[in-house]
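What follows is a set of notes on a single structure, which appears directly below.
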Amino acid sequence: MQRGWLEFRFPQSEFRNLLMPRYNPATIEPKWQAYWDEHRTFESPRLPSGEKIYVLDMFPYPSGNGLHVGHPEGYTATDIVCRAARMQGKSVVHPMGFDSFGLPAEEHAIKTGEHPRIQTEQNIDTFRRQLKMLGFSYDWSRELATTDVAYFRWTQWIFLQLFDTWFDDQQQKGRPISELPIPDDVAAAGDDAVQEFRDEHRLAYQSDAPVNWCPALGTVLANEEVINGKSERGDHPVERRALRQWMLRITAYASRLEDDLEPLDWSESIKALQRNWIGRSTGAEVDFYLASEESSAQDWQSARTKSGFPRKPGDNVLRVYTTRPDTLFGATYMVIAPEHPFVERLTTPDNTAAVTTYCDQAAAKSDLDRTELAKEKTGVFTGSYATNPVSGEPIPIWVADYVLISYGTGAIMAVPAHDERDFEFAKQFNIPIKCVIQPGRHATQGEAEKILAGNQVYTEPGTAINSGKYNGLSTNDFKEKITESLAASGLAKKATNYKLRDWLFSRQRFWGEPFPILHELDDAGEKTGRVQAVDAADLPVDLPHLEDFKPHGRPEPPLDKAPDEWLYPVIDGVRYKRETNTMPQWAGSCWYYLRFLDPKNSEALVDPEVEKAWMPIDLYVGGAEHAVLHLLYARFWHKVLFDRGVVSTPEPFQKLVNQGMILGENNEKMSKSRGNVINPDDVVNEYGADSLRLYEMFMGPLEQTKPWNTEGVNGVYGFLNRVWRMILDENAEQISINPALCDEAPTDEQNRILHKTIKAVTDDIAKMSFNTAIARMMEFTNFFTKQDRRPRSAMEQILLLVAPFAPHFAEELWQALGHNESLAYEAWPTYDESLLVEDEIEIPVQIKGKVRAKITVPADADQAKMEELARADSRIAELIKDKEIIKTIVVPGKMVSFVVK
RNA sequence: GGCCGAGUGGCGGAAUUGGCAGACGCUCUGGACUUAAAAUCCAGUGGGAGGGAACUCCCGUGCGGGUUCGAGUCCCGCCUCGGCUACCA
């Protein structure tokens with residue numbers, strides 16, 4: 001490698017840090033990084049002037065392994081966009097920080113007793129060094145880490161907002177809890193009842209939820225620490241245990257989270273992923289009367305017609321949710337989830353044993369067993385019947401774990417003829433299958449026969465049969481008519497459901513944000529059930545000092561080990577216990593983009609003036625692994641903050657781009673175990689940061705998954721060397737300009753190449769098509785390297801185009817050409833459309849669609865002229881000599897085509 | 001099973017509204033320079049045929065059909081691979 005040679009040649013040269021005849025990234029990269037730091041080149045102002053652009057990278061979790069080659073991919077892309085935008089005169093804010101809470105640091109702390117903050121900060125130092133080494137134009141004065149106390153003070157503040165907000169369904173908006181209307185009966189029941197009513201409506205509320213309790217390790221595990229029901233460490237059994245936890249009512253925002261996706265500039269596939277996750281479905285809730293001795297189904301129905309559909313079903317009905325009310329006549333059984341509150345009541349004495357056993361088994365099963373591993377449907381009959389509201393027929397009620405308590409009403413009407421799961425279940429238990437839809441064009445004749453006979457399931461729309469007065473209706477009309485009719489009789493109501501569940505927001509961990517919540521204690525030291533928010537003025541609630549981080553052997557969070565002075569504050573004579581759960585890692589990343597705008601503000605999480613000026617984010621780039629959760633959670637918080645007047649936009653991320661994964665050289669995912677991990681440090685040592693950046697952009701489209709190839713790095717390194725030699729004379733002992741450079745005006749051809757390149761690179765950067773932009777610059781270089789006279793102006797222009805991609809390299813050459821200042825804010829080259837036009841162009845001539853000749857025509861030739869020149873070509877003339885020309889197609893500037901017989 | 005994405009030379013990939021398939025780079029081959037190597041520079045590089053050459057022809061963008069003067073691109077039906085998701089009624 002020539003760098004070794006150079007250092008050998010001038011080991012103590014005083015020119016070491018000045019220009020070198022040969023391209024040596026090892027000296028020029030640190031030089032320009034220091035220059036940018038010193039001159040604060042990339043610090044952005046508090047407020048933008050002129051057009052603003054906020055470009056954000058998904059900040060990394062600072063793992064102990066350091067930067068991965070996947071990180072610089074997205075980071076280089078945004079850096080190019082930012083550097084070009086600055087040169088185009090835009091106000092750019094481009095910050096970086098660290099998502100630094102996380103399990104590995106806590107595990108390290110448990111092992112060593114060292115505070116997780118120590119290792120976290122070491123890791124951050126490594127990441128910062130590596131990011132700086134790659135020459136990204138971040139405004140480092142805005143750096144933050146989610147573990148900074150001054151940062152998580154505001155994470156806690158946002159939690160207080162969530163705690164203080166209820167969702168007004170009517171207005172579809174989060175409002176202060178003080179504005180929650182209190183029903184008269186609740187108000188009459190006293191202060192405790194009012195408080196309880198409020199607590200039930202807050203966006204942050206408490207609920208019992210299962211955790212992964214591992215008795216052998218004496219600790220609660222995160223889902224990712226549990227593999228196949230065993231602990232990842234030690235392979236010990238893990239059990240599910242209910243624990244009081246904090247939930248966030250994201251489901252209240254489900255509808256807005258879905259609706260507001262539409263106008264965003266995100267890929268349709270990511271939008272689809274989010275929509276899928278939210279999982280909106282529309283249908284109806286229908287009440288089935290439960291047979292009893294006191295009154296007949298008719299009496300009940302006429303009572304319902306008067307009273308209407310009640311908000312909460314009584315004990316005498318089973319409420320189900322269905323998206324297919326049109327199949328009501330085909331319901332041959334019903335299913336309730338094993339956890340359904342009616343299980344006991346509906347089980348007749350002779351079925352008690354079987355039902356109890358079944359429910360106990362279901363409770364013991366993990367989610368995995370209940371879904372993935374369950375190859376066959378299971379269930380038991382309760383012995384009870386409900387009444388079909390349209391036919392009046394009795395329908396048997398079963399308990400089965402394929403119905404989930406957490407979705408809809410936890411009970412379904414089963415229509416085996418038109419639902420795959422119900423069909424499977426009915427087959428298993430010999431339950432009648434009644435076809436109520438005449439299959440439409442989705443089924444063949446043969447299939448239709450089987451469907452009508454109940455031997456095949458049909459889930460597509462069709463025409464109603466066996467459905468009384470509804471016969472003949474199309475599925476869609478039927479749905480509407482029957483819902484209306486049942487609603488009029490008080491038997492049903494239109495309903496919408498979401499797959500999205502409320503967000504389980506607490507973790508039984510030390511290394512996370514403490515909740516700013518106090519539990520009131522009575523004289524005996526027991527919790528009264530009253531919960532109090534820490535006053536915003538008293539934030540932050542810092543983590544307590546712990547002697548060690550070892551598990552204490554109980555399912556309660558590790559903060560239960562905290563010293564009393566932290567754990568039991570006394571306020572106004574009342575003793576409290578602090579909340580000891582901590583927030584999940586998602587919390588800090590939900591709003592970091594806001595703090596970047598005003599990272600030092602101690603009065604507010606962001607100054608409204610600043611927020612208004614910079615938001616929303618114009619470009620957000622990161623991995624697709626965060627396409628669902630992070631983006632959904634952040635959007636949810638943002639909407640709450642919007643409703644509460646903290647931010648001015650309903651959506652935070654206007655444009656989103658997901659970079660593709662970089663695979664190892666063997667086309668497999670990079671991993672230590674596969675031994676195919678590429679370390680960015682090594683690449684920088686060998687080729688320099690500019691080559692790494694350039695290569696990652698040249699590999700292929702940003703969003704595509706693509707394999708690493710070290711030879712390719714060598715390829716772009718060669719390109720940089722060619723540009724270097726195009727401009728400098730590397731054979732000289734001292735810096736000197738390549739003798740081919742001149743101060744003449746470019747020739748027409750040179751100008752055409754230059755302006756074509758400027759146009760292509762400008763357009764490609766706007767499209768984030770970086771690989772083709774680089775190809776165009778390579779073509780420029782291939783052309784100009786062959787030119788004996790290279791106008792200096794053209795050389796300067798190409799450097800400005802190269803600068804966003806290989807910034808250190810471009811700065812160095814820019815300086816060599818006699819400029820004293822950084823090119824970071826030099827005006828971006830512009831192109832002249834008129835110079836792109838060529839006088840003559842080569843076009844194909846086709847006969848019967850096949851290219852038979854290429855001719856050169858004036859660029860502005862009209863159709864007649866083009867045809868004339870095509871016919872004049874000797875080869876074409878030969879081929880069409882004896883033929884009859886049926887048709888001639890001439891596309892000006894493109895081609896001529898003859899259709900002959 | 002469902003949703004999404006992708007199949008183009010030895011490899012990564014290019015290709016405006018349908019208009020010269022394979023830009024650019026890597027690899028490989030040959031040549032120049034060198035004592036030699038590296039580096040650099042020059043030439044070639046989808047497959048096949050016409051004995052080599054210019055030249056000409058045929059085939060070729062996962063497979064099978066279709067629309068069109070003309071299809072990598074549009075339509076219909078499949079196959080393979082990758083990602084996400086998983087009994088959501």
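A note on names: the letters A, B, ... follow the listed sequences, proteins ahead of strands, and every chain is numbered from 1. Everything numeric here is computed off the predicted structure, so don't read it as measured data.
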(message) Could you check whether A:Asp422 and A:Tyr402, counting side-chain N and O atoms only, form a donor-acceptor pair closer than 3.5 Å?
(response) yes
(message) Any donor-acceptor pair under 3.5 Å linking the side-chain atoms of A:Asp502 with those of A:Thr251?
(response) yes
(message) I need the single residue from A:Arg635, A:Arg280, A:Lys499 that forms a salt bridge (Lys or Arg N to Asp or Glu O under 4.0 Å) with A:Glu258. Which is it?
(response)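 Looking at A:Arg635, A:Arg280, A:Lys499, the match for A:Glu258 under the salt bridge (Lys or Arg N to Asp or Glu O under 4.0 Å) is A:Arg280.
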(request) Sort by first number and list every stem of RNA chain B: at least 3 consecutive Watson-Crick or G-U wobble pairs, both distances under 3.5 Å. (result)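 Stems found: B:1-7 with B:79-85, B:10-12 with B:24-26, B:28-32 with B:40-44, B:46-50 with B:55-59, B:62-66 with B:74-78.
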Within-4.5 Å side-chain heavy-atom neighbours: [X] and [Y]:
X	Y	answer
A:Met699	A:Glu73	no
A:Phe784	A:Gln787	yes
A:Leu486	A:Pro325	no
A:Arg875	A:Glu878	no

(request) Give one of base, sugar-phosphate or nothing for A:Asn782, where a contact means two heavy atoms less than 4.0 Å apart. (result) sugar-phosphate
(message) Mind checking if A:Thr888 touches a base, just sugar-phosphate, or nothing, with heavy atoms under 4.0 Å?
(response)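 It contacts nothing in the nucleic acid.
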Please determine, for the side chain of [X], which listed nucleotide ([options]) has the closest atom?
X	options	answer
A:Asn276	B:rC20, B:rC3, B:rC57	B:rC3
A:Arg852	B:rC58, B:rC20, B:rA89	B:rC58
A:Lys854	B:rC20, B:rC24, B:rG83	B:rC20
A:Pro844	B:rA89, B:rU27, B:rC20	B:rC20

Separation of atom [atom1] in [X] from atom [atom2] in [N], rounded to whole Å:
X	N	atom1	atom2	answer
A:Phe805	B:rC24	CZ	P	17 Å
A:Leu500	B:rA86	CG	P	13 Å
A:Ile774	B:rG25	CD1	P	12 Å

(message) With syn defined as a glycosidic angle within 90° of 0 and anti as the rest, where does B:rG9 land?
(response)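 Nucleotide B:rG9 adopts syn.
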Look for any protein N or O under 3.5 Å of an N or O in nucleotides 40-42 of chain B and output each such pair with its distance, or none.
residue: B:rU40; atom: O3'; partner: A:Arg725; partner atom: NH2; Å: 3.2
residue: B:rC41; atom: OP1; partner: A:Arg725; partner atom: NH2; Å: 3.4

(request) Name the residue closer to the 5' end of RNA chain B, choosing between A:Gly279 and A:Met778 according to the nucleotide with the nearest heavy atom. (result)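 Its nearest nucleotide lies further toward 5', so the answer is A:Met778.
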(message) Reading RNA chain B from 5' onward, which residue's closest nucleotide shows up sooner: A:Arg501 or A:Leu273?
(response)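 In this pair, the answer is A:Leu273.
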(request) Return the minimal non-hydrogen interatomic distance between A:Ala417 and A:Lys434, and the atom names on each side. (result) CB-O, 3.2 Å
(request) Quickly, which of A:Leu656, A:Leu273, A:Val657 forms a side-chain contact (heavy atoms from CB on, under 4.5 Å) with A:Trp266? Name it, please. (result) A:Leu656
Given the [atom1] atoms of [N] and [M], what is the spacing between them in whole Å?
N	M	atom1	result
B:rU17	B:rC11	P	28 Å
B:rG25	B:rC41	P	11 Å
B:rC78	B:rA89	P	26 Å
B:rC42	B:rG47	P	23 Å
B:rC4	B:rA23	P	34 Å
B:rG52	B:rG9	C1'	25 Å
B:rG12	B:rU16	C1'	23 Å
B:rG77	B:rC20	C1'	31 Å

(request) Not counting sequence neighbours, which residues clear side-chain hydrogen bond (donor to acceptor under 3.5 Å, both in side chains) with A:Tyr831? List them please. (result)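 A:Tyr831: no side-chain hydrogen bond (donor to acceptor under 3.5 Å, both in side chains) contacts found.
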Pairs under 3.5 Å (N/O, protein and nucleotides 7-16 of chain B):
residue: B:rG12; atom: O2'; partner: A:Met699; partner atom: O; Å: 2.6
residue: B:rG13; atom: OP1; partner: A:Gln704; partner atom: NE2; Å: 2.8
residue: B:rA14; atom: OP1; partner: A:Asn771; partner atom: ND2; Å: 3.1

(request) Show your working on ring-ring contact (aromatic ring centres under 6.0 Å, His included) between A:Phe425 and A:Tyr333 and close with a plain yes or no. (result) CA-CA 10 Å; A:Phe425 189 86; A:Tyr333 66 100; 5.2 Å; yes
(request) Not counting sequence neighbours, which residues clear side chain to side chain contact (heavy atoms under 4.5 Å, CB included) with A:Arg501? List them please. (result)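 Result, side chain to side chain contact (heavy atoms under 4.5 Å, CB included) vs A:Arg501: A:Ser406, A:Tyr407.
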Identify all pairs in which a protein N or O lies below 3.5 Å from an N or O of nucleotides 69-79 of chain B, and state each distance.
residue: B:rC69; atom: O2; partner: A:Ser897; partner atom: OG; Å: 3.2

